[in-house]
Amino acid sequence: MRPSRHMLALVIGLAALSVGLVVLRPEDTTLILLPWGGLFLLMVLDLALTVPARGIRPEAEIVARGFAGHDAMLAVTLTAKRLPPSAELRLSHSAGLAPAEGTPIPLPVRATSARIDIPIRLRDRGAQTITRLWLRYPSRLHLFEVLPNWALDLTITVMPDISPILSGAIQAQMLPLLDGARVNNLRGSGSEFHQLRDFVSGMDPRSIDWKRSARVNNLVARETRVERNHQIILCLDTGHLMGERLGALTKLDHAIHAALALAWASGLAGDNVGFFSFGARPQPLIPPRPGRAAFGRIQSTCATLEQDEAESNPTLGLSVLNGKLKRRSLVVVFADFVDSTSAELLVENLAVMQRQHVVLYVALGDPAMQALTRPDSTGMEDVAKAIAASRILQERQAVLDRLNRLGILCLDSAPGKLSAALISRYIEIKAKEMI
Amino acid sequence: MRNALPMILVGLLVLGGITGLFLLGGGGADRRLDGSTIGVEALAPWLSAQGLPAEQSNPRVHPDIARLSLRLLPLYDTDLDQDATRPADARAAYYATTLRDLDRSDVMDRIYGPTALVVLPKWVNGTVVSAVAHRSGLIPAQALDVLTLQLGLGALKVIRPEDGMLVAPVEGGNLALFLPQLFDATRLPDVCRPTLSLPQGALVVSCHWPDTDLAVHLLSDPDLLNNHGLTLGDNGAILVALLKSLVPPPPSDTGKNRKGSPAEAPAERRIYVDTAGENLVTYYDYSNERQDYDRSSDDFARFFAPPLAGIWAMLLIVLGIALWRGALRFGPLLTTDSATPEQSKTTAIETNARLLRIAGHDARLVSEYVQTSLSDLAQSTFGRGPGSGAQGIARLFTHLERRDPAATRTLRDVVSRLEAPDPNARSQDLRRNLDMFRTVLEKLTHVH
């Protein structure tokens, strides 16, 4: 318990009044003591009327798991013989959690129990803890603030976000490629022979297999399907640049979410998915396996993937990966760079890899930078910032243009649209049979 | 304003320094006068060399009256009642008779303080400038009559009996004066008597008022002691002899408020060459009023006696309540974010922007901004390839013209003004054009 601002103001006012009385009427000590005595009585009365902190019993619970970037709700139930009229909550927690800013919450009158929900934004992957609950409520006459706190032992495991997979959004996006109820039946305009079927009116006459038609004395058409069993390698840069936060999540988290979505989509499309990551040193390659079988392993690897504090080494990482890949693959590289100079190594190594594989380079654009280039005011400070931001973006675009000229596919997307854009690009690559 | 505080402090310090310089550097004209041919800068060192302790007035030194034996007061003002005015033209400046403006009451204070030898003025301002003594540079005798009248010696008349160099033997050697200026010995007031006389008139007179017991000596011709006159003939020796005779004996009782003991006073008494614009002599020693108290613990106890005790009590209560409130924290400790990549990027942009700003080319900055905005818009409208470069912007204007020809024309005008700015254009014009650019562009891209 501590004095409130009201009490502090009251004491300062009384002190000023008393100093005046001391100077003007020093002989009349009763006059000085009177207001102080009144204040003391008010304090005693306030304490007597206030809900005691020791009578309040809190119970807190939170879901065991949650997806990074999503909110998890902490439910706090306060039980007491009588509850204060309002209360404000704060939490001691690990850095990967971000509770919503606390404001005084009104509690039901004459209730013995009340539930308060606090939304907590899950920022970092891994086990995050909540260790203490702090409560603040005013005394009856608002002369004091009561500040009880209780130890908590709550843990929430924050996992990579696979909510688009669970919700079926990825599958819905893959429907044009699947073209049927059966997941594995990838019919379409691919190049791989699938089956022969009777020609019916409306079919493309060019699909008629004339030899077979002559043999069976009936018009038979060839049906092809999209090639399957391609190798898709998801390659993540875990260097310190990927630690930059875009919104609530780091670039690495956004990349992981998009990679998992693509792994699931590849599984649907019948491709084999492998996973590789590199920071200052390369990590072991998870060899390509049929999509759904690979997904669980990739998911668990991603859940424990930690961002490297050191600068990443693309030469070492991509060389190791290139050496391990024996078959032409689609290599999706999630990496970042600061400027054209620091991108030099990345460009060189992607160019080497592009000779044998299809390389899709995925970069994450920063919406805040885009906002800086379009300032709301015409103040010269804002204009100068807009130009500085534009120059950085232009330099970034120049690197992406250079990659494009080298034949490397590039995808520069805002964080929220990355998964959808990546899968669209994957479908496009498949449709064009670039692998 | 965060960073403006050091600059404000530096500005204040500089201002203070400049003010100090003005205060210390004042009196340049006085110093020029003292060093001129009719000044008396050489007098004090010369008298000291001749065994007569002397000092010249200094605006920052306030000598005690007990240390002075005689005050030499050369006047450079012929009308003590009137403030000096700025001369209307060069001729008036040349013939100005007020070289150092003095106030009558101030002069009277100085005359009737310690024993004084008042030196009348003789030469006009042009003598200082040209350093040539000529008949035309003499102050008219009528003006000097006004001065003697203001000094309370109206009957004292100044005469100029010789038109050339006067060399006359007196006690101490040959007196040499050019265009001598003397008192008319035949018309001296009753209270005055000649101290140094020549056949043509009195050079020095001493006046004494018996009823008030005040005395003053007057020297009619400043050439006896000024910088150029001191070197003529035996003027120096004559002056030394004269001053020795004029210096009064040391007072037997220095008074309890005077500094120094009677025994050491004569050795330190000096002739004071008073060229200051105000009376600097201290007449009363205030430091003698100092009273020493015994320090004891009772003095400390008085801090806690009423009514101070009540004030301290209030202070303690307020302090205690504030500390109580501050000692208890609600919630966990706030942690500062360590350096993150996004922070470094923001800092890099801000630093870059700051560098662009301090380069001081706002017009070029705006020009680049306009180009970038138009290029971005063209690329987002037509795609990266067709929308890039000058062709993309030209295509954008064509596209906009189809929508709203009048607004596009206005946009073209504003863009041309912003892209080729007038180097002498004011920042307000730049800002206004930039606002117009944004407004028109928004109208063209959002309204349609």
Side-chain angles (χ1 to χ4, degrees), chain A residues 1-5 7-8 11-12 14-16 18-19 21-23 26 29 32 36 88 90-93 95 102 131-132 134-136 145 147 149 240-246 251 336 338 366 368-369 372-374 378-392 394 397 401, chain B residues 306-311 313-318 320-322 324-333 335 337 340-346 348-359 362 365-366 368-373 375-376 379 384 427 430-439:
Chain A
M1 189 168 55
R2 68 181 185 186
S4 68
R5 289 182 181 180
M7 182 156 161
L8 193 60
V11 166
I12 291 172
L14 276 183
S18 303
V19 168
L21 288 174
V22 162
V23 173
T29 51
I32 299 165
W36 289 102
E88 191 180 345
R90 280 186 190 170
L91 299 167
S92 294
H93 53 82
T131 53
R132 189 163 287 275
W134 304 73
L135 188 68
R136 174 168 68 177
E145 288 175 354
L147 303 168
N149 63 85
H240 80 286
L241 286 177
M242 293 296 280
E244 180 184 349
R245 283 192 189 276
L246 301 179
K251 279 187 172 179
D336 197 16
V338 176
D366 187 354
M369 289 279 283
L372 272 179
T373 59
R374 299 185 187 90
T378 51
M380 289 312 296
E381 292 291 338
D382 288 337
V383 169
K385 277 184 189 173
I387 290 173
S390 294
R391 286 179 180 175
I392 291 175
Q394 281 168 5
Q397 191 56 50
D401 288 346
Chain B
L308 285 176
I311 294 172
M314 297 306 124
L315 198 66
L316 280 177
I317 290 171
V318 172
I321 295 287
W324 182 10
R325 181 174 167 76
L328 292 174
R329 171 167 48 85
F330 170 50
L333 284 172
T335 53
D337 287 338
T340 55
E342 61 267 21
Q343 280 177 340
S344 66
K345 191 157 75 178
T346 312
I349 289 171
E350 282 174 357
T351 309
N352 221 331
R354 178 87 185 125
L355 284 173
L356 289 170
R357 287 283 288 138
I358 61 177
D362 284 356
L365 208 64
V366 169
E368 188 176 341
Y369 172 71
V370 168
Q371 275 291 329
T372 311
S373 300
S375 184
D376 282 353
Q379 288 186 23
R384 279 186 49 72
S427 59
L430 197 66
R431 185 72 185 267
R432 197 175 54 249
N433 285 331
L434 190 58
D435 282 334
M436 191 185 289
F437 168 75
R438 280 172 56 93
T439 311

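Chain identifiers are assigned alphabetically (A, B, ...) following the order of the sequence lines, protein sequences preceding nucleic acid strands; residue numbering begins at 1 within each chain. These values consider heavy atoms only, across backbone and side chains, with no hydrogens, waters or symmetry-generated copies.
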Among B:Ala309, B:Ala353, B:Pro332, who wins on heavy-atom pairs under 4.5 Å with chain A?
-> B:Pro332

Given the options A:Leu135, A:Leu21, A:Leu241, which has more heavy-atom pairs under 4.5 Å with chain B than any of the others?
-> A:Leu135

Under 4.5 Å, counting heavy-atom pairs only, tell me which of A:His93, A:Arg374, A:Arg391 racks up the most with chain B.
-> A:Arg391

Considering only heavy atoms, which portion of A:Glu88 lies under 4.5 Å from any heavy atom of chain B: side chain, backbone, both, or neither?
-> both

Based on non-hydrogen pairs under 4.5 Å, which of B:Gly331, B:Gly310, B:Ser373 is most in contact with chain A?
-> B:Gly331

Hey, which of A:Glu381, A:Met7, A:His240, A:Lys251 has the most heavy atom pairs under 4.5 Å with chain B?
-> A:Glu381

Distance (rounded to the nearest 0.5 Å) between B:Ile321 CD1 and A:Arg2 CZ | 13.0 Å

Take B:Thr372 and A:Thr373, measure what side-chain contact (heavy atoms from CB on, under 4.5 Å) needs, and give me the verdict at the end.
-> CA-CA 9 Å; B:Thr372 311; A:Thr373 59; over 6 Å; no

So, the part of B:Arg325 with a heavy atom under 4.5 Å from chain A: the answer is both

Side chain from CB out, backbone as N, CA, C, O: work out which of these in A:Asp382 comes under 4.5 Å of a heavy atom of chain B, or both, or neither.
-> neither

Top of A:Ala368, A:Ala16, A:Gly379 for chain B proximity - count of heavy-atom pairs under 4.5 angstrom | A:Gly379

Nearest 0.5 Å, what's the CG-CD1 distance between B:Asn352 and A:Ile392?
-> 6.5 Å

What part of A:Leu147 is in contact with chain B, defined as an atom under 4.5 angstrom from a non-hydrogen atom: side chain, backbone, both or neither?
-> side chain

At a heavy-atom separation under 4.5 Å, does B:Leu365 approach chain A through its side chain, its backbone, both, or neither?
-> both

So what's closer than 4.5 Å to chain A heavy atoms on B:Arg384: side chain, backbone, both or neither?
-> side chain

At what distance, to the nearest 0.5 angstrom, does CG of B:Leu356 lie from CD1 of A:Ile387?
-> 6.5 Å

Rounded distance (nearest 0.5 Å) linking atom OH of B:Tyr369 with atom CE of A:Met380 = 10.5 Å

Minimum-distance pair of heavy atoms, taken over all atoms of A:Ala384 and B:Arg357 = CB-CG, 3.8 Å

Heavy-atom closest contact (A:Arg90 atom, B:Phe330 atom, distance) | NH1-O, 2.9 Å

Relative to chain B, which segment of A:Leu91 carries a heavy atom at a distance below 4.5 Å: side chain, backbone, both, or neither?
-> backbone

Residue among A:Gln397, A:Arg132, A:Met242 with most heavy-atom pairs under 4.5 Å to chain B | A:Gln397

Does the pair B:Lys345 and A:Asp366 meet the rule for a side-chain contact (heavy atoms from CB on, under 4.5 Å), with working shown?
-> CA-CA 11 Å; B:Lys345 191 157 75 178; A:Asp366 187 354; 3.1 Å; yes

With rounding to the nearest 0.5 Å, note down the distance linking CG in A:Leu372 to OG1 in B:Thr346.
-> 8.0 Å

